[in-house]
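Input: a single structure, listed below in structure tokens.
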There are 4 protein chains.
Amino acid sequence: MRTRSGQKEQNIWQAAVREFARHGYHQAKISRIAEGAGVATGSVYLYFKNKKQLLEKILADVWQNLAQEMEALVTRKDLNAVEKLEGMVDLVIDMFTDNPSLAIVVVNEHSQTRIAQPYYERFLALGRQVLEEGIATGLLNPHLQVDVTSQFIFGGVRHLIHLWAQSPRQYPLNKIRREVKLLLKRGILTEVQ
Amino acid sequence: MRTRSGQKEQNIWQAAVREFARHGYHQAKISRIAEGAGVATGSVYLYFKNKKQLLEKILADVWQNLAQEMEALVTRKDLNAVEKLEGMVDLVIDMFTDNPSLAIVVVNEHSQTRIAQPYYERFLALGRQVLEEGIATGLLNPHLQVDVTSQFIFGGVRHLIHLWAQSPRQYPLNKIRREVKLLLKRGILTEVQ
Amino acid sequence: MRTRSGQKEQNIWQAAVREFARHGYHQAKISRIAEGAGVATGSVYLYFKNKKQLLEKILADVWQNLAQEMEALVTRKDLNAVEKLEGMVDLVIDMFTDNPSLAIVVVNEHSQTRIAQPYYERFLALGRQVLEEGIATGLLNPHLQVDVTSQFIFGGVRHLIHLWAQSPRQYPLNKIRREVKLLLKRGILTEVQ
Amino acid sequence: MRTRSGQKEQNIWQAAVREFARHGYHQAKISRIAEGAGVATGSVYLYFKNKKQLLEKILADVWQNLAQEMEALVTRKDLNAVEKLEGMVDLVIDMFTDNPSLAIVVVNEHSQTRIAQPYYERFLALGRQVLEEGIATGLLNPHLQVDVTSQFIFGGVRHLIHLWAQSPRQYPLNKIRREVKLLLKRGILTEVQ
DNA sequence: TATGAATGAGTATTCATTCAT
DNA sequence: TATGAATGAATACTCATTCAT
């Protein structure tokens with residue numbers, strides 16, 4: 001008996017990411033995913049219930065991963081809120097650094113992330129939490145609306161990562177990383193008045 | 001009396017926006033758009049070449065409109081760069097205020113916008129131009145990377161508008177409007193140093 | 001605009017009967033039915049919701065037809081119960097005389113006839129009714145269990161028609177017709193004792 | 001202790017009968033049969049060439065069994081033709097008495113029985129033989145067409161057994177048994193002329 | 001023998017687009 | 001212009017069968 005292989009599941013996962021990135025969810029073909037993974041079409045269904053669930057698994061994995069690392073970051077005692085926020089930006093950017101296809105999938109198919117997606121919610125909640133912590137400790141502007149602010153930052157970073165995934169030369173990650181941190185902290189105005 | 005055909009085209013355009021917003025481009029059905037517009041299925045093809053072009057027309061119209069108003073704003077002599085930036089935020093928000101469906105379509109189907117979309121490019125270029133103007137006049141931080149900065153702001157606003165379109169109560173436009181302007185100018189840090 | 005044609009629906013109905021008879025419901029292909037009807041595959045779905053409903057329509061039509069003619073027969077005043085029973089046998093046999101394929105479908109796919117099929121139930125009920133009438137008028141053996149008897153006759157006739165449809169030479173309808181009537185009335189024993 | 005493999009084959013045979021009865025041949029799944037038999041999917045193929053052959057084996061077993069018992073019955077010297085016919089009815093009914101699933105399979109999948117099925121043919125031939133014997137000995141009506149008559153009886157009994165298998169309460173075997181014998185011998189007319 | 005993971009052929013159904021009227 | 005019936009390409013998913021272990 002051939003034993004069920006975690007490697008095979010990984011191959012399918014990866015091939016699906018590439019296929020979803022290149023063609024989008026609706027134009028993606030299971031047969032092409034299978035081919036990309038080096039398995040037969042039917043084998044995809046041994047590891048994933050159907051096409052939809054395959055996408056959901058990918059998105060869930062990403063958000064779970066991010067939420068987990070965020071959790072660790074947020075609970076650190078040796079960093080203040082601003083440093084944690086910078087760490088969060090780094091986390092998100094690092095997650096996609098060596099998998100541009102994954103970045104494209106996450107951004108483009110984000111609306112498939114059912115709001116119920118608990119890991120995504122957790123991720124957002126941790127962002128708000130750090131903002132609140134910053135306000136409480138006097139580091140951040142107390143007039144900030146934490147929900148709007150966190151979503152604004154999230155949207156901006158998401159968009160930049162998408163641009164990078166499509167044109168890594170034009171939007172290198174380091175430039176993005178630096179610029180986002182600068183904007184976050186100081187805004188766009190001249191520093192000294 | 002037969003209605004003028006310009007009216008019929010408008011009806012189809014509007015019905016398509018609603019259909020694309022509700023079901024997304026790939027799940028949208030031409031037959032449902034026709035029904036929503038009160039015309040026969042085949043009639044859609046008298047006004048639009050095909051489904052893809054119908055979406056492209058909608059997106060192009062939006063960007064053309066925005067680019068045009070931006071053009072007028074940017075060339076005003078009575079405003080400085082910061083005031084123009086704030087005006088741009090208002091423009092974008094106002095454009096969608098009374099058509100949440102349109103906001104959803106623009107945000108969700110944005111990746112369908114071939115980069116070639118000239119009006120979209122024009123829109124982005126004007127944003128960069130104002131940033132450069134601000135730097136040149138000493139109002140804005142000279143270390144800003146205008147391309148990254150403008151895209152970051154665009155991404156953030158886009159995301160917030162999407163949230164509003166889905167939960168107008170939770171993310172009211174006025175709150176968004178105020179918060180974005182604040183963040184742009186001052187960042188998140190405590191104002192006094 | 002091309003107008004929806006009753007003729008086309010008939011062609012599909014007929015082609016489906018042939019296909020179901022030749023290959024059985026589960027092996028029947030919609031594409032072959034369409035080809036047989038001289039229409040495109042998709043057109044089948046303009047007239048019938050799906051494959052299952054196509055079969056159900058055929059069976060319902062047959063039973064409705066039979067039930068209707070049975071109704072007329074049973075209510076005749078000029079025939080006694082035995083003559084009506086003979087008429088029923090004739091009805092069933094005549095229904096299939098010029099459509100052996102239809103006979104095969106009805107017999108083979110009979111289990112698809114959901115018991116709820118009201119026309120089939122009506123058909124059976126009329127059979128029982130005539131038996132009861134015959135008993136009441138003293139023509140038929142009062143010890144008959146009408147439900148078992150009617151089902152027995154129905155099963156026997158059904159089986160013979162199936163044999164005829166597959167080997168018309170070996171089981172000619174006239175022979176079947178004569179023999180069934182004889183058996184019904186007299187049983188198999190020698191007539192005089 | 002490993003169970004004897006004959007036992008395993010029997011388990012599969014039985015599980016297949018249940019599966020075919022419940023879902024019909026085409027909807028039956030080998031995997032479900034295997035599960036029902038407590039073996040792995042692949043093991044089914046150690047005992048049976050394929051799905052089709054599994055059904056054929058079941059049907060062949062039934063007919064072989066019946067043919068064999070019929071053979072013994074027909075050659076008895078102590079019974080006349082009518083008694084033998086009654087015995088045949090009993091045989092068929094007894095065969096299914098404690099296995100309604102088997103009855104359903106035999107009835108529903110009967111058309112899968114290629115006419116070539118030798119045991120089935122033998123079964124029919126023995127029926128015809130008894131009828132002829134009855135005619136020769138003056139017990140049965142000499143005008144009977146033995147082939148049509150035997151098939152009529154077979155069809156009627158088959159149908160009644162099917163009804164019993166689905167609704168044992170409504171069509172109890174004893175009632176069926178009694179009624180069929182009565183009808184065979186006397187027909188439906190009032191006994192006295 | 002026994003397993004159950006792997007294979008891949010096969011098909012109903014949808015719907016954008018066309019076209020006869 | 002306007003209609004909506006007709007077209008037919010395109011594809012996710014199932015499951016009988018095989019085969020590596």
Side-chain angles (χ1 to χ4, degrees), chain A residues 1-5 8-9 12 26-35 37-54, chain B residues 2-5 8-9 25-35 38-54, chain C residues 1-5 8-9 12 26-35 37-54, chain D residues 2-5 8-9 25-35 38-54:
Chain A
M1 181 195 88
R2 284 171 272 190
T3 55
R4 205 183 163 103
S5 128
K8 210 159 276 187
E9 180 172 343
I12 295 169
H26 285 103
Q27 303 303 324
K29 291 192 204 173
I30 294 288
S31 60
R32 249 184 336 228
I33 291 173
E35 191 185 19
V39 301
T41 301
S43 298
V44 172
Y45 293 88
L46 290 177
Y47 296 93
F48 302 92
K49 188 172 164 240
N50 54 32
K51 187 179 171 183
K52 189 171 184 36
Q53 207 214 41
L54 181 44
Chain B
R2 261 209 264 178
T3 49
R4 276 171 301 123
S5 37
K8 208 163 274 190
E9 181 173 341
Y25 175 73
H26 284 104
Q27 303 302 333
K29 293 191 197 178
I30 293 288
S31 60
R32 254 188 326 231
I33 291 173
E35 190 186 18
V39 301
T41 302
S43 299
V44 173
Y45 290 85
L46 297 173
Y47 296 94
F48 300 93
K49 189 177 161 227
N50 54 31
K51 186 178 172 183
K52 192 170 185 31
Q53 207 215 41
L54 180 45
Chain C
M1 181 195 89
R2 284 171 271 190
T3 55
R4 204 184 166 104
S5 128
K8 210 159 275 186
E9 180 172 343
I12 295 169
H26 285 103
Q27 303 303 326
K29 291 193 204 173
I30 294 289
S31 61
R32 238 169 2 211
I33 291 173
E35 191 184 19
V39 300
T41 301
S43 297
V44 173
Y45 293 86
L46 290 177
Y47 295 94
F48 301 93
K49 189 173 163 236
N50 54 33
K51 188 179 171 183
K52 189 172 185 33
Q53 205 214 43
L54 181 44
Chain D
R2 259 209 262 180
T3 48
R4 276 171 301 124
S5 38
K8 209 163 273 191
E9 180 173 342
Y25 175 73
H26 284 103
Q27 304 301 332
K29 293 191 199 178
I30 293 289
S31 60
R32 250 184 334 226
I33 291 173
E35 190 186 19
V39 301
T41 302
S43 299
V44 172
Y45 291 85
L46 297 174
Y47 297 94
F48 300 92
K49 190 177 160 225
N50 54 32
K51 187 178 172 183
K52 191 170 185 34
Q53 207 215 41
L54 180 45

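A note on names: the letters A, B, ... follow the listed sequences, proteins ahead of strands, and every chain is numbered from 1.
One finds no side-chain N or O of B:K51 lying less than 4.0 angstrom from the OP1 or OP2 phosphate oxygen of E:dC15. Considering only side-chain N and O atoms, D:T41 lies nowhere under 4.0 angstrom from the phosphate OP1 or OP2 of E:dG4. OP1 or OP2 of F:dT3 has at least one side-chain nitrogen or oxygen of B:S43 nearer than 4.0 Å. Taking side-chain N and O atoms only, C:T3 has no distance below 4.0 Å to OP1 or OP2 of F:dA5. Residue B:Y47 has a polar side-chain atom (N or O) positioned under 4.0 Å from OP1 or OP2 of F:dA2. Within the 4.0 Å cut-off from OP1 or OP2 of F:dA6, at least one side-chain nitrogen or oxygen of C:K8 is found.
Regarding C:R4, its CZ atom lies at a distance of 15 Å from the C1' atom of F:dT7, rounded to whole Å. Distance, A:K29 NZ to E:dG8 P: 18 Å, rounded to whole Å. Between C:K52 atom NZ and E:dT11 atom P there is a gap of 19 Å when expressed in whole angstrom units. Atom OH in A:Y45 sits about 14 Å away from atom C1' in E:dA9, given to the nearest Å. Taking atom CD1 of C:I30 as the reference point, atom C1' of E:dT14 lies 13 Å away to the nearest angstrom. B:Y25 has its OH atom 12 Å from the C1' atom of E:dC15, to the nearest Å. For the pair C:F48 CZ and E:dT13 C1', the computed distance is 16 Å after rounding to whole Å. Rounded to an integer number of Å, the gap from CD of C:Q27 to C1' of F:dT14 is 14 Å.
When Watson-Crick and G-U wobble pairs are counted only if both distances are under 3.5 Å, E:dA16 pairs with F:dT7.
For the residue pair C:V39 and C:K8, the shortest heavy atom distance occurs at CG1-CG, 3.5 Å.
Toward the 5' end of DNA chain F, the nearer of the two residues A:S31 and B:G38, judged by each one's closest nucleotide, is B:G38. Residue D:G42 is the one, among C:R2 and D:G42, whose nearest nucleotide of DNA chain E lies closer to the 5' end (criterion: closest heavy atom).
Residue contacts shown for B:L46 include a base, since a base heavy atom lies under 4.0 Å away. Within the 4.0 angstrom heavy-atom criterion, only backbone atoms of the sugar-phosphate kind lie near C:V39; the bases stay farther away. At a threshold of 4.0 angstrom between heavy atoms, the contacts of D:A28 are confined to the sugar-phosphate backbone, with no base atom among them.
Closest contact between the side chain of B:A40 and the listed nucleotides F:dT3, E:dT13, E:dG8 involves F:dT3.
Within a 6.0 Å sphere centred on CD of C:E35, heavy atoms belonging to other residues, nucleotides or ligands number 12 at most. Counted within 6.0 Å of NZ on D:K49, heavy atoms from surrounding residues, nucleotides or ligands total 12 or fewer; the atom is thus considered open.
Inter-residue side-chain proximity for C:H26 and D:Q27 is flagged as met; some heavy-atom pair is nearer than 4.5 Å. Counting only heavy atoms from C-beta outward, the side chains of C:L54 and C:I33 approach each other to under 4.5 Å.
Annotation: cation-pi pair B:K51/B:Y25 present, NZ/CZ under 6.0 Å from the ring centroid and within 45° of its normal.
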